[in-house]
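Chain letters run A, B, ... following the sequence lines, proteins first, then strands; residues in each count from 1.
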There are 2 protein chains.
Amino acid sequence: MIYQINMKFKTPTSTVLYSIEETIKAYRRLSQKNISEVIPDITVDQALILIVINQNDKTQSEIADLVFKDYASMTRIVNLMVSKDYLDKTVDAEDKRKTKLTITEKGKRVIKKLKPMITKNRETALAGVSEEEMLQLFNILQKITKNCQSNTH
Amino acid sequence: MIYQINMKFKTPTSTVLYSIEETIKAYRRLSQKNISEVIPDITVDQALILIVINQNDKTQSEIADLVFKDYASMTRIVNLMVSKDYLDKTVDAEDKRKTKLTITEKGKRVIKKLKPMITKNRETALAGVSEEEMLQLFNILQKITKNCQSNTH
DNA sequence: TATTTTTGTTTGATATATCAAATAAATATG
DNA sequence: CATATTTATTTGATATATCAAACAAAAATA
């Protein structure tokens, strides 16, 4: 497909935003396939959340913000991960509204297995993309994100 | 957030792929909000599919490929759109396996109302992004997409 | 202190994503 | 021609997305 610059009416499928969707779906498909080879019963989202919790001592909603999850989604994903014995969920003693999330022993073993695969997925996806290109990509994406956010409310 | 180049272990949240997720979610949120103002009972995906069907005389799966939808998802989305009287669904006379999708009169009126809003959403999202940047973005994204696809196969 | 507001999380309802399995029609093959 | 294979779509099961409403605990206010 060719990116069209000079069109009076840009069709949905000729827009960069369409390309962004395409890319993220391709990447998620690759990730899920490779993650399933290592740990069959975990999803891409669960894997990401597991690693982010491991690196950040934060409440459930703070983790949700980090991984761009809705709080309702987060509740459900966390409950699934608790039932699979990847996470422990307890109420915060200081503030009983808050939820403490900790990684179980099983969760820690899973993280060890996952990390190399996640690194590999990134390397696969970004093969041949220079540091300069990544920086360009990052900056343009941030610009678009800010445009959207400042107009969403 | 700052994009980190020189880290031995890149955390999930410091990767461009994370930025891509962030951007697409912000854009979808903006789109849904503005589309709902014009047509309250339509989703971003349904709006996209309506317009793509309008511009392409193709079967259900071909449309699904165009909008990156799984065939199973497509079946369900189309059924919802039929029940809302946006689409008519009939079996192809030549090949009874295939599905013909046509826009209803209501669907056509909805498209007319949607188009300006969709154009506006794109303009909002891409404000201040030069043609050169869009081309860069497009090319980098295509590279990543191909990397992922050739490894998912 | 009693009441109101805010904060963190959950639940319900509906839409979409994904994989596997099922179906029916069309095509290929022996 | 009968059977096997392929193609287009559907269905089932489970995960996630999103909005609105509910809830309980904490904080602010009268």
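If you check the side chains of Y27(B) and N121(B), you find no donor sitting under 3.5 Å from an acceptor.
K143(B) contributes a side-chain N or O that, together with a main-chain N or O of G128(A), makes up a donor-acceptor pair within less than 3.5 Å. Distance alone, capped at 3.5 Å, is enough to place a donor-acceptor pair between the N147(B) side chain and the A125(A) backbone.
Across all strands shown, T75(B) has heavy atoms under 4.0 Å from base atoms, whether or not it also approaches the sugar-phosphate.
One atom, CD1 of I49(B), and another, C1' of dA17(C), lie 12 Å apart when rounded to the nearest Å. Atom-to-atom, CG of L48(A) to C1' of dT16(D) comes out at 13 Å; the value is rounded to the nearest Å. Atom CD in E94(A) sits roughly 22 Å away from atom P in dA24(D) (whole-Å rounding). Remark: C1' of dT14(D) and CG of D45(A) are 13 Å apart, rounded to the nearest angstrom. Counting to the nearest Å, the C1' atom of dC23(D) and the CD atom of Q60(A) are 15 Å from each other. Taking atom CG of residue D92(A) and atom P of nucleotide dA24(D), one finds them 19 Å apart after rounding to whole Å. The nearest whole Å value for the distance from the CZ atom in R97(A) to the C1' atom in dT10(C) is 15 Å. The nearest whole Å value for the distance from the CG atom in N79(B) to the P atom in dT16(C) is 11 Å.
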From CA spacing to verdict: side chain to side chain contact (heavy atoms under 4.5 Å, CB included), L50(A), I42(A): CA-CA 10 Å; L50(A) 198 58; I42(A) 202 167; 4.3 Å; yes
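Counting heavy atoms from C-beta on, the side chains of Q46(B) and T43(B) come closer than 4.5 Å.
Under the 4.0 Å criterion applied to side-chain N and carboxylate O atoms, D45(B) and R28(B) are assigned as salt-bridge partners.
Here the nucleotide nearest the side chain of I77(B), chosen from dA17(C), dT10(D), dT16(D), is dA17(C). Closest to the side chain of K98(B), out of dT16(D), dA8(D), dT16(C), is dA8(D). When each of dA15(C), dT16(D), dT10(D) is scored by its nearest atom to the side-chain atoms of K89(B), the top-ranked nucleotide is dT10(D).
Projected onto DNA chain D by closest heavy-atom contact, L80(A) and A93(A) fall at different nucleotides, the more 5' of which corresponds to L80(A).
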Nucleotides 18-20 of chain C: which of its N/O atoms have a protein N/O under 3.5 Å away?
residue	atom	partner	partner atom	Å
dT18(C)	O4	R76(B)	NH1	2.9

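Residue K84(A) holds its NZ atom at 8.5 Å from NZ of K106(A), rounded to the nearest 0.5 Å.
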